[in-house]
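Every number for a ligand or one of its atoms is a count from 1 in the order of the listing.
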Amino acid sequence: MGKLFGTNGIRGIPGKDLLPETIGKVAFSVVKKLGKKVAIGRDGRNSSVMISSLLSSYLLGFGADVYNLGMLPTPAFQYYISRDGFDAGIMITASHNPPEFNGLKVMGRNGVEIPRQKEEEIEACIFSITNFDYASEVGQYFTVDNAVDRYIEGIISHVGKKKRGLRVVVDAGNGMQSLAAPKLLQKIGCEVKCINCNVDGNFPGRGPEPIPSKLNELSDEVRNGYDLGVAFDGDGDRSVFCDEKGRVLTGDISGALIARFLLETKGRNKIVTTIATSSIADWAVESTSSILIRTRVGSVDVTDRMVKEDAIAGFEENGGFFYKPHQPVRDGAMTLALMISAIEHYGKPLSSLIASMPSLYQQKGKLECANHIKYRIIDMVAKSTSEGIQDRTDGLKIIFPDNTWVLIRASGTEPLIRIFSESRNESRAVELYKKYTNLVQSLIERSTEK
Ligand code: MG
């Protein structure tokens with residue numbers, strides 16, 4: 001039995017490893033395991049209409065009522081289904097992956113991606129299907145056209161209109177926040193300049209992944225007198241910011257800043273983040289003596305823990321930010337509205353807010369490693385060293401007495417081992433990174449020779 005669900009749903013290339021029968025089997029299993037009132041939504045990829053049509057045909061054939069929310073950001077989809085009594089939702093998107101990819105994210109009635117245990121049940125159901133049983137009566141089909149507007153109104157209900165409308169540059173990367181973020185900004189009283197805000201499945205602008213090396217146009221534009229720049233990933237659940245000087249921030253920095261703002265304005269609470277997030281997360285909670293909880297890497301893990309612990313917010317180093325009073329999932333436009341609120345609250349330019357945070361140096365890299373050996377390699381690293389304290393929440397994190405750390409983790413989706421290091425001292429971060437990269441590399445080579 002293979003593994004269908006990765007860190008964030010099912011991904012593949014239509015026609016190659018994301019086949020029509022897979023779509024049918026997912027539809028069948030969702031109806032069987034989750035229920036018959038199903039919402040579907042899609043991103044702007046070239047294959048998304050095809051998959052959406054297939055999916056709704058299968059769902060109708062299995063007797064489900066289908067509510068098609070059309071093209072929209074993933075968080076807008078989640079917001080809608082959590083408020084309208086659906087049994088399940090299936091969002092068609094490959095998020096930040098290259099244009100040829102697509103995927104399915106399955107949500108439960110709360111609008112949250114289904115927990116891992118439910119994923120396993122659905123996966124087992126998918127692998128056990130031998131033939132489809134069509135229902136004696138087909139379901140009904142509805143189209144919904146106000147999901148994005150409801151999402152925008154939902155965000156505004158948390159942040160209100162702004163006293164001092166900031167000047168903001170939005171780079172939607174030809175993705176789904178093209179449909180929501182500019183409209184939201186106008187409604188809360190900001191001045192907006194748009195880059196790559198036309199939806200295009202080929203992602204001709206800077207591609208669907210908002211990595212700093214692709215955000216030069218955003219940085220350049222922000223320097224023309226804007227207060228803030230924001231770039232979203234393809235399906236609009238993650239946001240990457242740049243300050244008024246055009247400097248792109250990591251998700252750790254922006255997440256910690258927003259988290260601290262929320263705690264300082266709303267009071268002591270809990271924040272959830274992953275094992276891979278910078279120690280800047282400790283800074284976020286310290287001024288309010290709040291509690292920081294760390295989980296495995298993956299947005300589903302952050303959401304689950306946030307809900308269990310009743311934490312106000314969560315964040316990831318990749319630019320995912322979760323604000324539970326809105327919805328306990330990562331949400332690019334909600335995060336943007338919170339960042340604007342934070343800048344307004346502190347009354348200082350973003351660059352000076354960042355300058356007041358402690359400086360931490362990071363090194364990040366990855367090594368190719370076959371899926372069947374990657375977890376074993378990490379166990380071998382753990383056995384071969386007695387340095388620091390070992391945390392095995394996800395992969396291996398070695399934490400040293402001076403709060404320097406190194407994380408060695410197998411990718412949930414690709415044949416890779418990722419290596420992160422962090423220290424207040426730059427050369428120490430580099431030295432640790434090199435040391436463990438060499439160790440992992442030699443272990444991979446030795447295991448491959450056998
Ligand atoms: Mg995404």
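- A distance below 6.0 Å separates the ring centres of Phe86 and Tyr67.
- When each of Val66, Asp65, Ile23, Val26 is checked for a side-chain contact (heavy atoms from CB on, under 4.5 Å) with Leu59, only Val66 meets the rule.
- Distances from the Mg ion (ligand 1) show that Ser95 has an N/O/S atom below 2.8 Å.
- In terms of distance to the Mg ion (ligand 1), the nearest N, O or S atom of Asp233 is named OD2.
- Of all N, O or S atoms in Asp237, the one lying closest to the Mg ion (ligand 1) is OD1.
- The closest approach of Asp235 to the Mg ion (ligand 1), by N/O/S atoms, is made by OD1.
- Contact check on Asp43 versus Arg45 returns a salt bridge, with a Lys/Arg side-chain nitrogen under 4.0 Å from an Asp/Glu carboxylate oxygen.
- Using a 4.0 Å cut-off between charged nitrogen and carboxylate oxygen, Asp391 and Arg294 do not count as a salt-bridge pair.
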